[in-house]
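One structure below.
All chains are named by letter (A, B, ...) in the order of the sequence lines, taking the proteins before the strands, and each is independently numbered beginning at 1.
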Amino acid sequence: DAKTTQPTSMDCAEGRAANLPCNHSTISGNEYVYWYRQIHSQGPQYIIHGLKNNETNEMASLIITEDRKSSTLILPHATLRDTAVYYCIVRVKPGNTPLVFGKGTRLSVIA
Amino acid sequence: EAGVAQSPRYKIIEKRQSVAFWCNPISGHATLYWYQQILGQGPKLLIQFQNNGVVDDSQLPKDRFSAERLKGVDSTLKIQPAKLEDSAVYLCASSPSGSGNGYTFGSGTRLTVV
């Protein structure tokens, strides 16, 4: 079973920041937070991951609370192409532990 | 680099027929996964291979589903006989062995059983 809780859906105006929350209150010390997204008719796409420090890459920023029980994925300037289902997943980083997906958050970016 | 290739892209079959899906992972990726995604749900792991050996097939319905990964490269997933509830998108993903980074997914095969 997925170890995360996410809102079912969210809307965001084009050009604004999209902030997607995730609750993972039972996360273990050796588990990382991963974010994927799935655009319609495509396979999931890796976005970012982190352990306890905030992370940023060309796609997004990941903010993890100090107690690591929740996190927020930030898309700084959402575009229509960011409309997708976003999945927050906790996973032990080393090795080949498979990703366990929940239902994710359906983000709709509105013009 | 080339992505994960899957075929066919779409398939429609009648119940009780058989069907096979093919996946070609990224070159050099030792780990290969098959996921089933039913409409409105997140992907669910069916089977995981490490090279040509099965690591986890605990959620594979073995009475009708089978999968193989000959020579540790390409993989096929077969359903025989298909049921209506098998209608879903079947996703293949691969990753380097022991990688802590993300998987790469293919675009999937959409199966409709009528």
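- Around the NZ atom of B/Lys62, the shell of radius 6.0 Å holds more than 12 heavy atoms that belong to other residues, nucleotides or ligands.
- A donor-acceptor pair is defined here as one N or O able to donate and one able to accept, closer than 3.5 Å; no such pair exists between the side chain of B/Tyr103 and the backbone of A/Pro44.
- For A/Arg16, the CZ atom counts as loosely surrounded, since its 6.0 Å shell holds 12 or fewer non-hydrogen atoms of other residues, nucleotides or ligands.
- Clustering ILVMFWY residues whenever any of their side-chain heavy atoms sit less than 4.5 angstrom apart, transitively, puts A/Val85 in the very cluster that holds A/Tyr46.
- Taken together through direct or relayed side-chain contacts under 4.5 Å among Ile, Leu, Val, Met, Phe, Trp and Tyr, A/Tyr36 and B/Leu45 form part of one hydrophobic cluster.
- What you find for B/Gln48 and A/Pro98 is that their closest heavy atoms are OE1-CD, 3.6 Å.
- Here B/Asp56 contributes atom CG and A/Thr97 contributes atom OG1; the two are 10.0 Å apart, rounded to the nearest 0.5 Å.
- Linking Ile, Leu, Val, Met, Phe, Trp and Tyr whenever their side-chain heavy atoms come within less than 4.5 Å puts A/Leu73 and A/Val109 in one cluster.
- When hydrophobic clusters are built by joining Ile, Leu, Val, Met, Phe, Trp and Tyr residues whose side-chain heavy atoms come closer than 4.5 Å, directly or via intermediates, B/Ile47 is not grouped with B/Val55.
- Using a 4.5 Å heavy-atom cutoff, the side chains of A/Leu99 and B/Tyr35 are in contact.
- Counted within 6.0 Å of CD1 on A/Ile39, heavy atoms from surrounding residues, nucleotides or ligands total more than 12; the atom is thus considered enclosed.
- Contacts with chain A (heavy atom to heavy atom, under 4.5 Å) involve these residues of residues 105-114 of chain B, listed by number: B/Phe105, B/Gly106, B/Ser107.
- No more than 12 heavy-atom neighbours from other residues, nucleotides or ligands sit within 6.0 angstrom of CG on B/Leu39.
- Contact detail for B/Leu91 and A/Gly43: the closest heavy-atom pair is CD2-CA, 3.9 Å.
- When each of B/Gln37, B/Gln6, B/Gln41 is scored by its heavy-atom pairs under 4.5 Å with chain A, the top score falls to B/Gln37.
- For A/Gln45, no part lies near chain B; criterion is any non-hydrogen pair under 4.5 Å.
- Under the 4.5 Å side-chain heavy-atom criterion for Ile, Leu, Val, Met, Phe, Trp and Tyr, A/Val100 and B/Leu60 are members of distinct hydrophobic clusters.
- Under the ring-ring contact (aromatic ring centres under 6.0 Å, His included) criterion, B/Phe49 pairs with no residue, sequence neighbours left out.
- When A/Gln42, A/Arg106, A/Gln38 are compared by the number of non-hydrogen pairs under 4.5 Å with chain B, A/Gln38 comes out ahead.
- The two residues B/Pro43 and A/Tyr87 have their closest heavy-atom pair at CD-OH, 3.8 Å.
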